[in-house]
Amino acid sequence: INNKTINDRTLRKAEEKLKKLRLALSRINDPKFGECIKCDRPIQEARILLMPEEAKCVNCARLR
């Protein structure tokens with residue numbers, strides 16, 4: 001039962017990440033792609049390369 005719970009949680013997280021990646025891919029040609037959705041500042045290039053599904057800069061992501 002415990003393994004099933006862990007597997008279900010892992011699957012949900014993977015599905016959520018896939019959804020975010022598809023959204024990011026759909027916005028890639030948008031001129032605002034790469035800008036934080038909270039503060040409108042550029043998202044660091046390294047962050048986009050490592051986590052392309054994220055739409056917030058590091059500072060805004062910390063604040064949640």
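Note that these values count all heavy atoms, side chains included, but never hydrogens, waters or copies made by symmetry. The chain is numbered in sequence order, starting from 1.
- Checked for salt-bridge contact, E15 and K19 miss the test: no charged N lies under 4.0 Å from a carboxylate O.
- When all heavy atoms of A61 and K56 are compared, the closest pair comes out as N-CB, 4.2 Å.
- A 4.5 Å side-chain heavy-atom check between E54 and K20 finds at least one atom pair inside the cut-off.
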Which side-chain N or O atoms in residues 21-34 pair as donor and acceptor under 3.5 Å with protein atoms at least two apart or in another chain?
residue: S26; atom: OG; partner: L23; partner atom: O; Å: 2.7
residue: D30; atom: OD1; partner: K32; partner atom: N; Å: 2.9
residue: K32; atom: NZ; partner: E35; partner atom: OE1; Å: 3.3

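- Minimum heavy-atom separation, R47 to V58: CD-CG2, 3.6 Å.
- With values rounded to the nearest 0.5 angstrom, K13 atom NZ is found 15.5 Å from L18 atom CG.
- To the nearest 0.5 Å, atom NZ of residue K4 and atom CD1 of residue I6 are 12.0 Å apart.
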